[in-house]
Amino acid sequence: MRILSVDYGRKRTGIAVTDPLQIIANGLATVSTSSLFDFLCDYVAREQVEKIIIGEPKQSNGEPSENMARVKAFYQRWKKAMPQIPIEFFDERFTSVLAHQAMIDGGLKKKARQNKALVDEISATILLQDYMRSNKHRL
């Protein structure tokens, strides 16, 4: 079964997913946040998803960011509608910075690095990689 990650944003949301063996995290899509719930419902109807990881937006000092209220509302909606697929928070601090750096390191031109949808998808992938890495250390 797959693990899916969500980098929730006000306008757009990046989504990443593991392979069925949960070895590799890959970007899946960037969707309009207003259509996120329907997108995820469609996806979990087609694919086996063990859990969803949603980025917990925090400021660098550890305090919740202004986006936290929106993320919590989505979290609650998902838990109520889809209790069979757990959703859990995971610290997303610095994923956008790391996504930009990955784009630079990957040799993307400046114009491509300004593609916010791509940044969101890469951020979701980094979030999922970090989650997978942290859970391997817990075993």
* To do: May I ask you to check whether over 12 heavy atoms, not counting those of E66, lie within 6.0 Å of atom CD?
  => yes
Using the rule that Ile, Leu, Val, Met, Phe, Trp and Tyr join whenever any side-chain heavy atoms are under 4.5 Å apart, tell me whether [X] and [Y] fall into a single cluster.
{"X": "I85", "Y": "F37", "value": "yes"}
{"X": "V71", "Y": "F90", "value": "no"}
{"X": "I87", "Y": "L127", "value": "no"}
{"X": "L28", "Y": "Y8", "value": "yes"}

Could you pull out the closest heavy-atom pair between [X] and [Y], with the gap in Å?
{"X": "M132", "Y": "A25", "result": "SD-CB, 4.1 Å"}
{"X": "S5", "Y": "L128", "result": "OG-CB, 3.4 Å"}
{"X": "P86", "Y": "E50", "result": "CD-O, 3.3 Å"}

Exam field: side chain [X] to backbone [Y], donor-acceptor pair closer than 3.5 Å:
{"X": "E121", "Y": "A16", "result": "no"}
{"X": "R2", "Y": "T18", "result": "yes"}
{"X": "S35", "Y": "V31", "result": "no"}
{"X": "D7", "Y": "T13", "result": "no"}

Separation between [atom1] of [X] and [atom2] of [Y], rounded to the nearest 0.5 Å:
{"X": "D120", "Y": "T125", "atom1": "CG", "atom2": "OG1", "value": "10.5 Å"}
{"X": "I54", "Y": "L40", "atom1": "CD1", "atom2": "CG", "value": "8.5 Å"}
{"X": "E56", "Y": "E88", "atom1": "CD", "atom2": "CD", "value": "11.0 Å"}
{"X": "R77", "Y": "L36", "atom1": "CZ", "atom2": "CG", "value": "8.5 Å"}
{"X": "N67", "Y": "K72", "atom1": "CG", "atom2": "NZ", "value": "12.0 Å"}

Would you call [X] and [Y] a side-chain contact if the rule is heavy atoms closer than 4.5 Å?
{"X": "R10", "Y": "R70", "answer": "yes"}
{"X": "I52", "Y": "V6", "answer": "yes"}
{"X": "T33", "Y": "F74", "answer": "no"}
{"X": "I3", "Y": "V49", "answer": "no"}
{"X": "S32", "Y": "F39", "answer": "no"}
{"X": "K58", "Y": "S65", "answer": "no"}

* **Candidate pair I15 and L4, rule side chain to side chain contact (heavy atoms under 4.5 Å, CB included), full reasoning** => CA-CA 7 Å; I15 303 167; L4 195 129; 3.8 Å; yes
* Look at the aromatic rings of Y75 and F89 and report parallel, tilted or perpendicular, splitting at 30° and 60°. => parallel
* Asked: Going by atom types only, do K51 and Y131 share a side-chain donor-acceptor pair under 3.5 Å?
  -> yes
